[in-house]
Amino acid sequence: MSLPVVLSIAGSDGSAGAGIQADLKTFSALGVYGLTVITAITIQNTQGVKEVFPMPLKMIEKQLDILFTDFKIDIVKIGMLAASDIADFVGCYLSKKQVPFILDTIFKASDGTSLFDGSFDNLISNAFMVTPNLDEASTIAGIEIKNVNDMMEGAKRIKEKGAKYVLIKGGHLRSEEAVDILFDGENFEVFTSSKVKTANTHGTGCTLSSAIAANIAKRMPVVVAVRKAKEFLTESLLRGKNYKLGKGRGPLIHF
Ligand SMILES: Nc1ncnc2c1ncn2[C@@H]1O[C@H](COP(=O)(O)OP(=O)(O)OP(=O)(O)O)[C@@H](O)[C@H]1O
Ligand SMILES: [Mg+2]
């Protein structure tokens, strides 16, 4: 017997709302086996990120080597990379392994703390999918993105950088609905859900990209994988919406 295997390369969030911890909860809830490579330790709780300690490259390389020599990894999800040299290293490493990866292009924590100040262009050129939020898509595409039309234009521009699929997330749209847009170079697919009214939204981005990776590892077609991932995300927001865990932006409840 075997299970699909998904590797998350990301930062540790000790408050377990986002990062590696959210990724593993997502993988487990969706029935795939999750592996982790830690790029950085963040000092954070639900109220914000206080400090970030990136791992030395050698430590990242050793974590990758020991997993790739042992497991057949179906897909990789990349979260926080913390530094340009880590992004370059991970990009090179994965292109040698020829494993598909989903890149969550994290520049900032939700409290505004900078988590990466380099360029994602090298990684985007080889990505199976990139999942920027509105701000990240604006930076990467070089245009202001404020509404669904802008999202479509942004997706076209990011697609030109090489990713097979571009998913722009609209959780921060000024609207009653959370609208995400998927572009494969030819067609747009629009995913819409009602916004859950809650302060507990810590880790929505990590959860969505991990859920997509898990669903693709389970061999779902891409559009189905994204639709089901968004459903899982909305359910996790609904399960967590009334809890008071921590004093700030609380976590989703994945199970
Ligand atoms: N209040 C909400 N209700 C329902 N869905 C939401 C809500 N907020 C965000 N989403 C959805 O969550 C997913 C993540 O989108 P978002 O734009 O918040 O990403 P993000 O900014 O990268 O998240 P994070 O702050 O965790 O990094 C998307 O599918 C988006 O539509
Ligand atoms: Mg994000």
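Starting from 1, each residue takes its place in the sequence as its number. Indexing begins at 1, ligand by ligand and atom by atom, following the structure's order. What you see below is based on every heavy atom in this structure, not just the backbone, and it leaves out hydrogens, waters and symmetry mates.
- Closest heavy-atom approach to atom 20 (P) of ligand 1 within the set N133, I212, D135: this belongs to N133.
- The residue M80 has no part lying near ligand 1, judged by heavy-atom distances below 4.0 Å.
- Numbered from 1 in the order shown, with element, the atoms of ligand 1 that lie under 4.0 Å from a heavy atom of L233 read 11 (C), 12 (O), 13 (C), 29 (O).
- Within the structure, the salt bridge (Lys or Arg N to Asp or Glu O under 4.0 Å) test picks out the following pairs touching residues 90-113 (sequence neighbours left out): D104-K169.
- Below 4.0 Å from some heavy atom of G203 lie the following atoms of ligand 1, by number and element: 26 (O).
- Ligand 1 lies out of reach of T234, whose nearest heavy atom is not under 4.0 Å from it.
- In this structure, E176 does not count as a contact residue of ligand 1, since none of its heavy atoms falls inside 4.0 Å of the ligand.
- Taking only nitrogen or oxygen atoms, main chain and side chain alike, E136 does not reach within less than 3.5 Å of ligand 1.
- Below 30°, between 30° and 60°, or above 60°: for H254 and F232 the angle between ring planes is between 30° and 60°, a tilted geometry.
- Contacts of A109 with ligand 1, taken as heavy-atom pairs under 4.0 Å, are absent altogether.
- Under 4.0 angstrom from ligand 1, the non-hydrogen atoms of L237 all belong to its side chain.
- Not a single heavy atom of A229 lies less than 4.0 angstrom from ligand 1.
- Proximity of a side-chain donor or acceptor of S194 to a complementary backbone N or O of E177 within less than 3.5 Å is not detected.
- Using a 4.0 Å cut-off between charged side-chain N and carboxylate O, K58 and E61 make a salt bridge.
- Checked for salt-bridge contact, E153 and R157 meet the test: a charged N lies under 4.0 Å from a carboxylate O.
- Note: no N/O pair closer than 3.5 Å links V179 and ligand 1 by distance alone.
- Close N/O approach between K195 and ligand 1 is not found [any backbone or side-chain N/O within under 3.5 Å].
- The nearest non-hydrogen atom to atom 23 (O) of ligand 1, considering only T105, I106, L238, T204, comes from T204.
- Heavy-atom distances between A18 and ligand 1 stay at or above 4.0 Å for every pair.
- The D180 neighbourhood of ligand 1 comprises atoms 28 (C), 29 (O), 30 (C), 31 (O), with distances under 4.0 Å to a heavy atom of that residue.
- Checked against a 3.5 angstrom limit, the closest N/O atoms of K230 and ligand 1 fall inside it.
- Separation of the Y33 and F27 ring centroids does not fall under the 6.0 Å cut-off.
- Residue R249 has at least one heavy-atom neighbour below 4.0 Å for each of these atoms of ligand 1: 25 (O).
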